[in-house]
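Inspection log for the structure reproduced underneath, given as structure tokens.
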Amino acid sequence: MANVSVAAEWQLLYNRYYRKPELYPLPWRHVDLARTKVAAAPFGGPVAVIRDDSKIVQLHAESALRKLRLFSSSGSLLADAVWRHSGGRLVGMSWTDDHTLLCVVQDGTVYRYDVHANLIEPNLSLGKECFEDNVADCAFWGNGLVCITDALQLFCIPDFGNPTAVKLADPGIDQMPHCMAVIEPQYTVSGNVEVLLGVDDAAVLAVEEDGVQRLGEGVLRGPLQKMVVSRDGKWLASFTHDGRLLVTTSDLTGVIIERECESALPPQQIAWCGMDAVLLYWHDMLLMMGPDGDPVHYFFDEPIILIPECDGVRILSNTSMEFLQRVPDSTVSIFTIGSTSPAALLYDALDHFDRRSAKADENLRLIKSSLPEAVEACVDAAGHEFDVSRQKTLLRAASYGQAFCSNFQRDRIQEMCKILRVLNAVRSPEIGIPLSIQQYKLLTPSVLIGRLINAHQHLLALRISEYLGMNQEVVIMHWACSKITASLSIPDATLLEILLDKLKLCKGISYAAVAAHADKNGRRKLAALLVEHEPRSSKQVPLLLSIGEEDIALMKATECGDTDLVYLVLFHIWQKRQPLEFFGTIQVRPLARDLFITYARCYKHEFLKDFFLSTGQLQDVAFLLWKESWELGKNPMASKGSTLHGPRIKLIEKAQSLFAETKEHFFETKAAEEHAKLLRIQHELEVTTKQAIFVDSSISDTIRTCIVLGNHRAAMKVKTEFKVSEKRWYWLKVFAFATIKDWVALEKFSKEKKPPIGYRPFVEACIEADEKGEAIKYIPKLADPRERAESYARIGMAKEAADAASQAKDGELLGRLKLTFAQNAAASSIFDTLRDRLSFQGA
Amino acid sequence: MAQIPNLDNAPVNLTSIREQSQKELVNILRNIRGKKCLVIDPKLGDSLSLIIQTSILKEHGVELRHLSGDPIQTDSSKVVYLVHAQPKLMRFICSNIHNDVSKGLQREYHVYFVPRRTVVCEKVLEEEKLHHMITIGEYPLYIVPMDEDVLSFELDLSYKECQVDGDTSSLWHIAKAIHKLEYSFGVIPNVRAKGKASVRIADILNRMQAEEPVNSSDMAVPEINTLVLLDREVDMVTPLCSQLTYEGLLDEFLHISNGSVELDASIMGLQQEGKKTKVPLNSSDKLFKEIRDLNFEVVVQILRQKATSMKQDYTEMTTTTQTVSELKDFVKKLNSLPEITRHINLAQHLTTFTSKPSFLGQLDMEHTVVEAQSYDICFDYIEELIHKQEPLKTVLRLLILFSITNSGLPKKHFDYFRKELLHSYGFEHIALLNNLEKAGLFKKQESKSNWLTIKRALELVVEDTDTANPNDISYVFSGYAPLSIRLVQHAIRSGWRPVEEILKLLPGPHLETKRGGFSNSPSFDTLSRVSTSIAKVPDGRRALVLVVFVGGVTFAEISALRFLSAQEGMAYDLIIATTKIVNGQTLVETFMEKLG
């Protein structure tokens, strides 16, 4: 039976099964792991290979120059580059989380490569001390590295996002440690990296930036030869001087497992396989130790490299890539020999069903009650399977079982199919990313997509993100930028079409970002064409400016209505162009012009004048000058020295002549002229009266002030100078008399001649001054009986009011007056009454 | 006294908007550790009083100051400026910092721009070489809820900036604010706009939706069904008329600022001589909610009734024996006593203004101008006001009203009034006249006025208005139905189509469009399919209409809208947004720009 053959390949370690399926046979040639340095990235990442210059090897027909070669996990060559770097031997090589290859050489230089074997400039340096003392060894983690120099000092680059080297505390040792391991910053208490050094006595030094600790004293019986920290930073597996495997907590306070190994020689490699087994590799033997029971032996007739993953270890050899992994429980329950678990029976039932055997039904009946868990186990096992046909069978078994159980979550199978499709796609040898389902979940789909586009697998990335319903923007964006970089020979128009064709797939994609990339690649014209398609003005406009398309930028900014963008363009052009050219540009764009004027009014007065002059807006210059004349007046210096009135008047006269020049502003011309004249007269008045109360008051006020001061001749002079109408003159004079309560003068004035606007001003002035007696003198003289009635009413003479109203024969007025009186009486008393009524609440 | 209005009864969740603004402000303060001096530009301070209590600011180690040119007096080494992004305010910040530098004071400066940092403000700081000393941030306050149905963008100069300076920054701001609302309440499907600015806002709003779309699929039904945008320019008549509703009159005479009035304590019957007191005016006050929108005449009567009934109850209480439940009722009534007293005091104070002959005369003349039948009487009246040197704002209100209803004055009269104004009030007002002319508010007549046609077609003047039991919005001006609200009435009821001919007589273009849904760009063919009436919201809630006044709205207009929404057969709730709540005075003020 099929079940038997599956389980036959498993190895039992303690009570768990392990399997070691081959992921890929490797097609590469001329790779001999025995003579090379290898760096393989976890999560099925790329493999970097370079001839090991610390070994003496025979070159055969090979070139003496070394070549750095990058392969996918399936062994296809991604890129290569000739290694010409100086700086001594290559000490260490490793991949970062974002798939940058780090190569550390003896003099402390760190060369970085991307997955296309392009050197990333600039090269990093671990510092002067490393340069002088030589790097002896180094250790890496996902985003950083630590190295030790021949002078036994430790240096660290804690984060390649911000690659600066720091020196760690002096470990105070005088011999090269036997082994070195790091605990990633995210797992340490301090949040800084912790370096473990296996030194010569029975202890481990834990070195950090600000101190050294001795660990494991009393626990260890001798020096450690090899160490490896578990993936979660909690456990340390080590090989002791006397040939034991020791698993301790990473702070070396407690021993969890201690096992004798068959060799006292330290292993060449040591690695965690998941969290529950440790692998040790000597020469041709791989030993797998569990917490208990006999170890498992694997034998290899060629060198291997162990590549730890979160759920197992990949084993790279010259000819194949294998994956050593604990067999998942669901798989065990289905495929163990003689298993009668519900899942196994379900799997068996499908087999019967396929062979049209009635036993299928029998099996189903047997597991009726536990059908959901059987289905779940089949789905889960399918997920862990690398073999596509077995995935299919398991999923078929699951869906066969699902048909008979009502309460199973139906989308589980669908979901698993989705995941498997993605996994199978990336596992295919052309792509060569052999992710297990656990790794995939830990890595997350978005990171996977990031890695695919990084490897220029845009189509697959796009398909996957589409399939998983993820945002495709990042894929298309990256594709577009790569396309531009790679298409130097394609003409702009053609390339634009190619790009637009794809960019339109994604709504909301930033055309501006693509355009910026084109501009950076020296394709300004293409950038201009691309930015045209950017819908977001806030992105489009700055870019247009950076590629020198100021006029289009101004147009776009104006169109979108965001004045902030208009200002951005405005200041940009202002800075770049000659004033006259600048004026010309904004003059034809009303919004830009108006905004410029608004800003310049506050902060660039003189420049604004230049602008108005250049555009022939003389009246606006005139207004500015006129405004200046007031500012001069506000200046405290001006009010002291009367001579300073001169400049003010000069400014106003200048304004006047400018107004006149336009031939359209007669009114303003006249007003400016009058203003200048008024200032002169007021100035004279201040001199003669020795009172500084005239300047900057209005013509009417000046007249009133003169009358109040009794200077009737001056008042008259102002009146004639400015052709003040008789009407206004009467109001002014009457009110002026009322102000100083000169009722005699008022009466005299009323008798001078018949007032041109009647006696109403007299009546009003008296009523307002609350001089009833004076008012009565003039009320009878009012021509209109209605006015008379209302005036009487205002001073409370109800009877006279009524008489006048009836004289006017105006019934409506009479009624209204009556009402007014009634209401007034009521109005005045009503609220008092209300208040009285509510007085009880005051207590 | 709660200055911050209660928003629980708002038709959409305005509380969350306010809380968001609160949180953003607190976060800003929290991110600047320790004691700090918060310098706010005074206008923004007023708006913030509707958002957050001063005590909360103090809890975050804040010492409050108002922005001015004077040096800041504080011991704090950290100074946080919270200012509107207006270039002219930068001058104060620069002078503050220069002053500190000259004194050798070393301080940490933060400038937070409201609602966002702008190139022009940063340019000023840069030119003053202060850019490197300042940490710049943003406080995205685009909307301030004034009451449960009123939002303000707090753009008091919007109208003048657009009309006179050609600076349309505020339009972008308004569109952004509406777009922000859409993030909370869904894409508003129907848009009706009248006026140049309004149509532009609708355009910018569509651009924003295209650039940064609100995901309409997230929201099942948009909470706001229709957006009506209206330019103040379309109806400048209404704000210049004296408001006759209770709240309107309070604003005219006592000036309501951010939902409260400040007046002498003695007026409110408090025993603090010479002190000022603030009286909050919003819907949290039940009595005020009841009477704010009524004609003042009616309010006086209602208050009288309430007081009388209270008095009666009291008499009964003292003379007859009462059951416990009757006692309870009485005590309940007593609870409303402070509110009754408060409004009686306010109303009495108002009558001292409303009974003045000058006010009555002004009302009379406003009516005559709006009637537009007696040109000469109006001319003489205004001339006399100028000769008597009545307050300039009062004169201008009437003069502008006169000019608008006549679509400008004949050149001779135009020049005459201008001359008389300059002679009476001073030549510095030439700038004001220039502004008014640019804005088209007081100008030379160039074409025949169509005011009479508009007035007749929209039935703006209604005879025999019953202010006590009104059946039309004309009650708010005792006989004049505000043009703006008539337009809104039409926009909501049947869309623009039936009034298209009238709309053409009013300034600016109009637009009616459908947005959102699954169409990404509103094409013209969708226009023809616009349903004329607003679809009912399926789940039984009343459909909500957002009415936006670009350039300000008066309390009387708000009252008229509330009246509309309360009418039988009106299936819509209304929510009002405005650049600022205005009245004739404040509107005229924005155009005053003394040369000196």
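All of these numbers come straight from a predicted model, not from anything done at the bench. Here is how names work: the chains are called A, B, and so on, in the same order as the sequence lines, proteins then strands, and each is numbered from 1.
- To the nearest 0.5 Å, the span separating NZ on A:K627 from CD1 on B:I430 amounts to 14.5 Å.
- Contact of A:L565 with chain B is not made at all, since no heavy-atom distance falls under 4.5 Å.
- Within the model, atoms CG of B:L360 and CD of A:E790 stand 10.0 Å from one another, a figure rounded to the nearest 0.5 Å.
- Between B:V120 and A:F571, the closest side-chain pair of non-hydrogen atoms falls below 4.5 Å.
- Annotation: maximal heavy-atom pairing with chain B below 4.5 Å, among A:R760, A:K539, A:R593, occurs at A:R760.
- Scanning both residues, A:F667 and B:R418, for their nearest heavy atoms gives CZ-CB, 3.1 Å.
- Interatomic distance, B:H423 NE2 to A:S725 OG, rounded to the nearest 0.5 Å: 10.0 Å.
- Once rounded to the nearest 0.5 Å, the distance linking CH2 of A:W731 with CD1 of B:I386 reads 13.0 Å.
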Next item on the list: Go through A:I699 and B:F427 one step at a time and tell me if the side-chain contact (heavy atoms from CB on, under 4.5 Å) criterion holds.
Entry: CA-CA 9 Å; A:I699 292 174; B:F427 286 99; 4.0 Å; yes
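- Considering all non-hydrogen atoms of both residues, A:C560 and B:R200 come closest at C-NH2, 3.8 Å.
- Closest approach of B:S424 to A:S698, counting heavy atoms only: O-OG, 2.8 Å.
- In this structure, B:G166 and A:L591 approach most closely via the heavy-atom pair O-CD1, 3.5 Å.
- Within the 4.5 Å cutoff, side-chain heavy atoms of B:E384 are placed close to those of A:E764.
- Within the 4.5 angstrom heavy-atom criterion, no atom of A:S510 approaches chain B.
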Next item on the list: Take B:R116 and A:D562 through the test salt bridge (charged side-chain N to carboxylate O under 4.0 Å, His left out) and record every step on the way to the result.
Entry: CA-CA 12 Å; B:R116 56 167 183 165; A:D562 185 349; 2.5 Å; yes
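- More than 12 heavy atoms of other shown residues, nucleotides or ligands fall within 6.0 angstrom of atom NZ in B:K160.
- Note on A:V566, A:L570, A:L595, A:V724: by heavy-atom pairs under 4.5 Å with chain B, the leading option is A:L595.
- B:Q389 and A:D701 share a side-chain donor-acceptor pair at under 3.5 Å.
- Heavy atoms of B:M208 lying under 4.5 Å from chain A are absent altogether.
- Chain A forms more heavy-atom pairs under 4.5 Å with one residue of B:G426, B:P213, B:S169 than with any other, namely B:S169.
- Listed options B:T352, B:L171, B:T168, B:L422 were ranked by heavy-atom pairs under 4.5 angstrom with chain A; first place goes to B:T168.
- Listed by chain and number, the residues in a side chain to side chain donor-acceptor pair (under 3.5 Å) with A:Q587 amount to none (sequence neighbours excluded).
- A heavy-atom distance below 4.5 Å is found between the side chains of B:K388 and A:F735.
- Looking at A:S629, there are no atoms closer than 4.5 Å to chain B (heavy atoms on both sides), in backbone or side chain.
- Heavy-atom pairs under 4.5 Å with chain B peak, among A:R704, A:K670, A:E534, at A:R704.
- For A:K719, the NZ atom sits in a packed shell: over 12 heavy atoms of surrounding residues, nucleotides or ligands are nearer than 6.0 Å.
- For B:P87, the parts lying under 4.5 angstrom from a heavy atom of chain A are both the backbone and the side chain.
- Annotation: the span from B:E161 atom CD to A:D594 atom CG amounts to 12.0 Å, rounded to 0.5 Å.
- For the pair A:F666 and B:D415, the minimum side-chain heavy-atom distance is 4.5 Å or more.
- Proximity to chain B (any heavy atom under 4.5 Å) is shown, for A:I597, by neither the backbone nor the side chain.
- Here B:C94 contributes atom SG and A:Y603 contributes atom OH; the two are 6.0 Å apart, rounded to the nearest 0.5 Å.
- Residues A:K723 and B:K419 come closest through the heavy atom pair O-NZ, 4.4 Å.
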Next item on the list: Carefully, step by step, assess B:E127 and A:K604 under the rule side-chain contact (heavy atoms from CB on, under 4.5 Å).
Entry: CA-CA 11 Å; B:E127 299 248 305; A:K604 297 274 170 190; 2.8 Å; yes
Margin query: What verdict does the salt bridge (charged side-chain N to carboxylate O under 4.0 Å, His left out) test give for B:E383 and A:K727, after you've listed the backbone C-alpha separation in whole Å, the side-chain angles of each residue and the deciding distance to 0.1 Å?
Written below: CA-CA 10 Å; B:E383 182 192 31; A:K727 281 187 202 171; 3.0 Å; yes
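- Annotation: side chain of B:V124 is in contact with side chain of A:Y599 (closest heavy-atom distance under 4.5 Å).
- Between A:Y567 and B:T118 the shortest side-chain heavy-atom distance does not fall below 4.5 Å.
- The nearest pair of heavy atoms linking B:I204 to A:G561 is CD1-CA, 4.0 Å.
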